[in-house]
S.K.: 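Handing you a structure now.
For the single chain, residues carry numbers from 1 onward in sequence order. As a basis for the values below, the full set of heavy atoms in this structure was taken, side chains included, without hydrogen atoms, waters or symmetry mates.
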Amino acid sequence: MCLLLGAAGVGKTLLVKRLQKLSAPDGKGDLGDPPPTRPTVGTNLTDIMIQKKVITIRELGGCMGPIWPSYYGNCHTLLFMVDASDPTQLSASCAHLLGLLSAEQLAEVSVLIIFNKIDLPCYMSVEEMKSLVRLSDIIACARQNINTVEVSAREGTGVAGVLRWLQDTHRSSS
């Protein structure tokens, strides 16, 4: 099971829809226009097929932060999404990330931090965000293997990198 977490409105649902389309047998080409989405209330379960292996992504609505820990039990990988265009949300996202990394049930999971919305003109670069939240210090102290990626779920930029990370991570955990 892969958990997809992040604040409300960061683009989790759109990312899942893009991953699902990209992993479909005919998903090698253009992702097309972004599909419509609605805010997730509760949880969404989505299966994606990567090289004959099914990976289930459990997306939890951003407003569910207080009960995220009840979903940690069966988690093998964690996708944590941050809105790169909203500097006011960055400190709250960092606090959520620190909580996730300190959770005992998530001590062995691989983590991919996804900086989304790089298509917007006001986005902060990964270097700026890493500096502001002292990500290098967080990674140095964390027990988990942590990677980062920049994406635009709306445009599809970087989504293939997320899919590749899921493929590589789930291959090594098999």
S.K.: With the side chain counted from C-beta on, respond yes when T77 and V109 share a heavy-atom pair under 4.5 Å apart, and no when they do not.
M.R.: no
S.K.: Going only through I, L, V, M, F, W and Y residues with side-chain contacts under 4.5 Å, is there a path from V159 to Y123?
M.R.: no
S.K.: Does some side-chain heavy atom of L14 sit less than 4.5 Å from a side-chain heavy atom of N116?
M.R.: no
S.K.: Are V16 and L22 connected, step by step, through hydrophobic side chains (Ile, Leu, Val, Met, Phe, Trp, Tyr) whose heavy atoms are closer than 4.5 Å?
M.R.: yes
S.K.: Apply side-chain contact (heavy atoms from CB on, under 4.5 Å) to E155 and list each qualifying residue two or more places apart in sequence or on a separate chain.
M.R.: D119, S152, T157
S.K.: Apply ring-ring contact (aromatic ring centres under 6.0 Å, His included) to W68 and list each qualifying residue two or more places apart in sequence or on a separate chain.
M.R.: H96
S.K.: Are L98 and Y71 connected, step by step, through hydrophobic side chains (Ile, Leu, Val, Met, Phe, Trp, Tyr) whose heavy atoms are closer than 4.5 Å?
M.R.: yes
S.K.: Kindly write out the residues that satisfy side chain to side chain donor-acceptor pair (under 3.5 Å) with N44, not counting sequence neighbours, or none if the list is empty.
M.R.: T40, E59
S.K.: Can you sort out the partners of R164 under side-chain contact (heavy atoms from CB on, under 4.5 Å), two or more places apart, ordered by chain and number?
M.R.: A160
S.K.: Is I118 reachable from L15 through a run of I, L, V, M, F, W or Y residues, each pair having side-chain heavy atoms under 4.5 Å apart?
M.R.: no
S.K.: Do Q105 and C75 come close enough that some side-chain heavy atom pair is under 4.5 Å?
M.R.: no
S.K.: Determine whether V133 and V82 make a side-chain contact, defined as any pair of heavy atoms from C-beta on separated by less than 4.5 Å.
M.R.: no
S.K.: Report the residues that fulfil side-chain contact (heavy atoms from CB on, under 4.5 Å) with S102, sequence neighbours left out, ordered by chain and then residue number.
M.R.: none
S.K.: Who passes side-chain contact (heavy atoms from CB on, under 4.5 Å) against V149, sequence neighbours left out?
M.R.: L112, I114, V151, V162
S.K.: Report yes or no: do L106 and I67 belong to one cluster of Ile/Leu/Val/Met/Phe/Trp/Tyr joined by side chain heavy-atom distances under 4.5 Å?
M.R.: yes
S.K.: Quick check: do L78 and Y72 have side-chain heavy atoms less than 4.5 Å from each other?
M.R.: no
S.K.: To the nearest 0.5 Å, tell me how far R154 CZ sits from R18 CZ.
M.R.: 9.5 Å
S.K.: With rounding to the nearest 0.5 Å, note down the distance linking CD in Q20 to CD1 in I48.
M.R.: 8.0 Å
S.K.: Hey, are the side chains of I146 and I139 touching, using non-hydrogen atoms and a 4.5 Å cut-off?
M.R.: yes
